[in-house]
2 protein chains.
Amino acid sequence: MLSNQLHNGLETAKLLWSRIPNSEDGEVDGGSLLRNSNGNTVESLDYEVIENYAYREEQAQRGKLYVGYYVAVKWFLALLTGIGTGLAAVFINISVENFAGWKFALTFSIIQRSYFAGFVIYVLINLILVFSSVYIVTHFAPAAAGSGIPEIKGYLNGLDIHGILLFRTLIGKIFGSIGSVGGGLALGKEGPLVHTGACIASLLGQGGSSKYHLSSRWLQVFKSDRDRRDLVTCGCAAGVAAAFRAPVGGVLFALEEVTSWWRSQLMWRVFFTSAIVAVVVRTAMGWCKSGKCGHFGSGGFIIWDTSDGQEDYSFEELLPMAVIGVIGGLLGALFNQLTFHITYWRRNYLHKKGNRVKIIEACLISVITSAISFGLPLLRKCNPCPESDHDSGIECPRPPGMYGNYVNFYCGKDKEYNDLATIFFNTQDDAIRNLFSAKTIHEFSAQSLLTFLVMFYTLAVVTFGTAVPAGQFVPGIMIGSTYGRLVGMFVVNFYKNLNVEEGTYALLGAASFLGGSMRMTVSLCVIMVEITNNLKLLPLIMLVLLISKAVGDAFNEGFYEQQARLKGIALLESRPKYQMRNMMAKEVCRNQKVVSFPRIVKVADAVSILQSNLHNGFPVIDHVRNGETLVIGLVLRSHLLVLLQSKVDFQHSPLPCDPAGVSKSIRHNFSEFVKPVSSKGISIEDIHLSSDDLEMYIDLAPVLNPSPYVVPEDMSLTKVYNLFRQLGLRHIFVVPRASRVVGMITREDLLIEDSEDPASVELHSTSVRGHRQYSMISRNVDVERPLLNGLLLQDHMLG
Amino acid sequence: MLSNQLHNGLETAKLLWSRIPNSEDGEVDGGSLLRNSNGNTVESLDYEVIENYAYREEQAQRGKLYVGYYVAVKWFLALLTGIGTGLAAVFINISVENFAGWKFALTFSIIQRSYFAGFVIYVLINLILVFSSVYIVTHFAPAAAGSGIPEIKGYLNGLDIHGILLFRTLIGKIFGSIGSVGGGLALGKEGPLVHTGACIASLLGQGGSSKYHLSSRWLQVFKSDRDRRDLVTCGCAAGVAAAFRAPVGGVLFALEEVTSWWRSQLMWRVFFTSAIVAVVVRTAMGWCKSGKCGHFGSGGFIIWDTSDGQEDYSFEELLPMAVIGVIGGLLGALFNQLTFHITYWRRNYLHKKGNRVKIIEACLISVITSAISFGLPLLRKCNPCPESDHDSGIECPRPPGMYGNYVNFYCGKDKEYNDLATIFFNTQDDAIRNLFSAKTIHEFSAQSLLTFLVMFYTLAVVTFGTAVPAGQFVPGIMIGSTYGRLVGMFVVNFYKNLNVEEGTYALLGAASFLGGSMRMTVSLCVIMVEITNNLKLLPLIMLVLLISKAVGDAFNEGFYEQQARLKGIALLESRPKYQMRNMMAKEVCRNQKVVSFPRIVKVADAVSILQSNLHNGFPVIDHVRNGETLVIGLVLRSHLLVLLQSKVDFQHSPLPCDPAGVSKSIRHNFSEFVKPVSSKGISIEDIHLSSDDLEMYIDLAPVLNPSPYVVPEDMSLTKVYNLFRQLGLRHIFVVPRASRVVGMITREDLLIEDSEDPASVELHSTSVRGHRQYSMISRNVDVERPLLNGLLLQDHMLG
């Protein structure tokens, strides 16, 4: 009787665990990443209760409909994520370019009369923008500071960092980056856009901000962590696609840099999201072409188009390109090291002093940046314009109010330009466009480029880590293209007979610095190709990246990994550590005291266990017969807390719930068991139980995960790690070595043919059911012993 | 004593299993794919034997060197793969383009005098080329027939199809595809190039053809299946990169379409290989520019450059584009269905009749193809040349001996061209270039395009499956671009005011047909962008692909999946099947009789077990004390066969080998345990043992895998499938539910910090060793019972 009840309980548990979509093996920290789940989200058939065939048929139909609906919702949300991220990117771009354009236009008009007044106005506008950004971030959305990519990486690796995917973070990120980028700081809007995309995706995935209770019933299919994670991955790709207008690069970035678990089915949806972003941004730019959006949309869809640049390259150029790679690796590694130490110092000393210090710091940096970018070009002597070449279409000096090369700033004559102002006293996008530009040989002097390199590098190092949203892509491109152009100038002078463009080297320099700092490979390559629309340079970019990544790796970790470690985001890497080879599974849990639950637990005991330790999952162990024990599953703290809070499962008797207990579990709305992202969930302290309640019992069978993954205690830790990491698990039971083998599963056993006919699937599952019930019972009445005897006999015979 | 000996035996086994790099969980069919392995290939320390610290230090040093060496070899082989595949592609291209160019030049010069003589010559040349191809394939390399992609997919999914990666297959593929493509059949060289790349990679990975014994000692690091598989993945990417000159597309193709297990560490190496291919091909083309290679190299690096095509698109165009997507889905699905049935018929009836039938079939198809491609344009009336537009640089008719649009074929006047001949009586590359070409509005008549579409579609369906190497990319592009151009013509007539290019629609049509047939997504998109150098059309290509894939999926499976199934290549998909949800692990092995080995097995018994069944892995079960049994590991058939063949491990006594047995295992060269790809390995019939030998015993402990993955018998089959598929396993033991939990492993337990200092790693591992020994002994003397008692007590208290 008891074992039969256990059987029923386990069946119920399976039912529940298949109802909570993909929540097997435990939602622990919110961002639980459960690829290993049953792989289904359709409702399982209530075969224990319903024997009627027609009803079952109807259920199957409903299941089919549900699957279609579910897929449709997934794609619809991907569409919304794409549109949302695209619109956010357009909004940020319009705002930044208009603020910056207006700022430069105003300054240029004032300096016609007074350079000092212009300087003051320039500093003030920047200060106001930066102040607004740092104020929003510090007072409203502290999680919006910084790049956001390490946090998203952590989330997708299975960690829930509090607050990173909230609605307020989204708002803070959008408005904060408008302020910080528009305010002329040495940082970019690309990292923040990735975070923005992830926030939009996450909010859509949980049906809006939980604070505003926008959750609607039709989004309840999305209460699973895997689906949310997939959508956040889409959001990341959308962010990159929007930031660089690089849809393929976005997909690859999500694949290479951000996600930890990738499913090939996901790729196409991620790509779809990126394509939607591209369409949205392109449409918005088309709409803005007629001047409706001010300064926005003038650059074309390709941000830094160099497709009219260098046509071909020769073997002699490979050496200077390799040199660029080495420089990129060195400067990138140095950049990582410096930002690491400065961020460490900031986190542990400076930023502990409160928000006021953060605001002062950011404002100070803003003033210094403004002063340098305005002041240094003043010290620079202007150069005469080169011989006008009408074919290239580049005017010198550029007409007032226009973007372009050859900025006339503090020059005596009309036909002169200030090369330092061309890159320093300009928006970053324009500066990069100027550095990448072809057909402008000898535009820049080595002195100006060196000055800019040193100053901007320092500013970028100092700026990163302040309490404003900050991306590292654009500063990286600025730094890299500066020394790249320097090398290019040298090459132009050295190989006089070759058809070399300095802009090509600037582009390679940008790739090398990003490679040396972020250590991205494929995605960076594709992003560089997409932002410059120049496929021909792909092998060169690859070469440079190979070198710079290798050089950088010799010194330290990648930028995001270092920042993640600083923030205490411990990422589970895809490879096990070297020393795990010599360790066994049980060694890592040697000092643990395993706290287990019996199947029927007294409420008071459950509360005391939950209070006395912080474990998130507990084994459930039952007595089967004559005192022998059996591990019947895993119960999660969060599920226990839901049970304790709702109280509907409390019972008076310490006996298992009756066989009709299946219906009881339906009292729960299954979405109760899933907590929203970025929230803290229920705590044991929040639950108040009367002394009567404490005397009751709970049968855990309906809520436990009946078959968590297990490993033998002396398994190599490398193998355990692979199991854990590849399947995205949360808990693994370490159990003693088995005494016998019931069967072996090989490839052939798993090649079950998909029958197209739903009726035959039904029949199949019915027949399987029969067997299952049989085998369940058979185990309980112990008729399997003969198999073991057979084994023993065989052993005997062979031994 | 006994248990102590078991302990020693297990330690030895661990040593061995770490020595055979990554061969854990079994090499079964040759192409065993073992991602789950210990993740290391460096030698483990002989700590059981060697207690001397200095010696251990030296070993560690050697290990470090070895790792560096190993990584270097990996990259070097990737480099060689890239160079090899690039050169093979260049060789194929030079040959094909010269054969075809010479053929067309000769025919054109003859038809100036006699069309009949020209026809005969044309048919004969094609026949000779096709005959040579089919002769090579049927008599020398039968595995070289067809595309090869399904087979490679199967190999990378863990199946070893005999002969697909041999040296002769490589040769057959290269020369066969020169013949079949040069002979003007309706097939392409892209699929065969992927196979070629895979063959080159596989041969390099095993150090040359095993037949010629080119295997060298420094390649012994590569005796692991995982490394070979990784290299084959590189080879596939290289093949695509070489075929389309699309390095990024190659990487994505390998990622999306071919591999089953992807590691992010691999991505960069695959990308590197692709880049090398691009550099090799580009260099060769640069070298050929001066006319050294005949007709080769004239098209430029971008195969079908459309970057000067349509600049922008408007919303009105989205509808006809969607129509193209639908057509692509329908025609693609139909293509799959037709080729499936025809190939089925061929395999089961026609090709069973022997090689002669295969040769006759191919020759017949060649004659028909030649007759149609020559004859149909003859029936077509020539059109007058359009008003000459000198800006576009397109001449009409094209000058003799040149490639280009507007072919003058059987035309009365000089200023006329034959539009059907422009696409039909031309090399495929040129035909596609003409179909994609911009600024040639009204070049083709709807009638010609329809005729071509119907004829070529039929030819492509009939041709695929003949005994020649055959790719489906180029025919797909031909078919797709034809109906795409038809739709484009309609759009040009309908939306007169828009700036529409017919070539754009041809490109979208090509994408749609490939999407509808092969169901590739991201990689196809990127390949289309790279072969046309037109990033602006990316969102449109995506749109078309989304639609055509969805439409195609409604009818049947993708082309490669269908072909793989026809060939009996059962791929383990990444998702478990729906009906697995309702099944338990033990159900799939219900009818199995588990045959297990004792630890010490009599040779005669081992032989009889191996003869009486075909299992590839056996559990090893040992008696520990008072008759209780313990599963101590998994032994592979192939390892047993090696033991039986070498006989060095035979012993007279049925007792475990002595504690110094560790040194015994060193008698084996560990590479003995790995069999080369595409070979059949040792069979039990090959082993001849004397009756004395049969009376001896073998101790299996040194060769068994001490901890295969296990699952409880009632675990959901979905979970088992995920475990099996994600980790790329070969065997899983189904065991009874555990009676207790020794510990729980969670994320935190696996976050072991990497200590930079090798000495401290050493120390750490030493201390671990101590514990391990302790715990091993402790288990054996049963001091762990108190833990269980504690659990029981606790359960009691709570229950």
Side-chain angles (χ1 to χ4, degrees), chain A residues 36 38-40 248 267-268 271 275 278-279 521-522 526 533 535 539 542 570 576-577 579 581-583 586 588-589 592 594 598 601 605 619 629-631 707 712-713 715 718 721-722 726-727 731-735 737-739 741-745 749-752 754 761 765 768 795 798-799, chain B residues 36 38-40 248 267-268 271 275 278-279 521-522 526 533 535 539 542 570 576-577 579 581-583 586 588-589 592 594 598 601 605 619 621 629-631 707 712-713 715 718 721-722 726-727 732-735 737-739 741-745 749-752 754 761 765 768 795 798-799:
Chain A
N36 60 307
N38 266 334
N40 61 74
V248 183
M267 194 151 177
W268 193 214
F271 205 37
V279 170
T521 55
V522 185
V526 174
N533 196 18
L535 261 175
M542 262 183 208
K577 290 265 194 288
Q579 61 261 42
R581 296 172 53 231
N582 296 326
M583 296 171 76
K586 70 175 163 193
V588 291
C589 42
Q592 282 176 4
V594 178
V601 66
D605 294 335
T629 58
L630 203 62
V631 180
S707 48
E713 55 188 348
M715 187 182 253
T718 328
Y721 188 92
N722 281 330
Q726 303 297 340
L727 299 189
H731 297 97
I732 294 180
F733 282 177
V734 181
V735 298
R737 243 173 214 280
S739 64
V741 175
V742 175
M744 285 262 273
I745 291 182
D749 301 320
L750 295 173
L751 286 170
I752 298 168
D754 217 357
V761 173
S765 96
V768 164
D795 289 351
L798 294 168
Chain B
N36 58 305
N38 266 335
N40 60 75
V248 183
M267 194 151 177
W268 192 214
F271 205 39
V279 170
T521 54
V522 184
V526 173
N533 196 17
L535 262 174
M542 261 183 209
K577 292 265 192 288
Q579 61 261 44
R581 297 172 52 232
N582 295 326
M583 296 170 77
K586 70 175 161 192
V588 291
C589 42
Q592 282 176 3
V594 177
V601 66
D605 295 335
I621 290 174
T629 58
L630 203 62
V631 180
S707 48
E713 54 188 349
M715 185 180 255
T718 327
Y721 188 93
N722 282 329
Q726 303 298 341
L727 299 190
I732 294 180
F733 282 176
V734 180
V735 297
R737 244 173 214 280
S739 63
V741 175
V742 174
M744 286 263 271
I745 291 183
D749 299 320
L750 295 173
L751 286 169
I752 298 168
D754 216 356
V761 172
S765 97
V768 163
D795 289 350
L798 294 169

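The chains referred to below are lettered A, B, ... by the order of the sequence lines, with proteins before strands, and numbering in each begins at 1.
- Here the shortest heavy-atom pairing between A:M542 and B:W268 reads O-CH2, 4.1 Å.
- Both the backbone and the side chain of B:V522 come within less than 4.5 Å of a heavy atom in chain A.
- Across A:V741 and B:P619, no two heavy atoms sit closer than the pair CG2-CB, 3.8 Å.
- Atom NE2 of A:H731 and atom CD1 of B:I745 lie 11.5 Å apart (nearest 0.5 Å).
- Results of the side chain to side chain contact (heavy atoms under 4.5 Å, CB included) test with A:S739 over B:V631, B:T629, B:V735, B:I621 single out B:T629 as the only residue that passes.
- Atoms OH and CG, from B:Y721 and A:D749 in turn, are 12.5 Å apart once rounded to the nearest 0.5 Å.
- Nearest heavy-atom pair across A:V526 and B:V248 is CG2-CG1, 3.5 Å.
- For the atom pair CG (A:L750) and CE (B:M583), the distance works out to 9.5 Å, reported to the nearest 0.5 Å.
- Nearest heavy-atom pair, A:V594 versus B:G743, reported as atom, atom and distance to 0.1 Å: CG2-CA, 3.4 Å.
- Taking all atoms of both residues into account, the shortest heavy-atom contact from A:F733 to B:M744 is CE2-SD, 2.9 Å.
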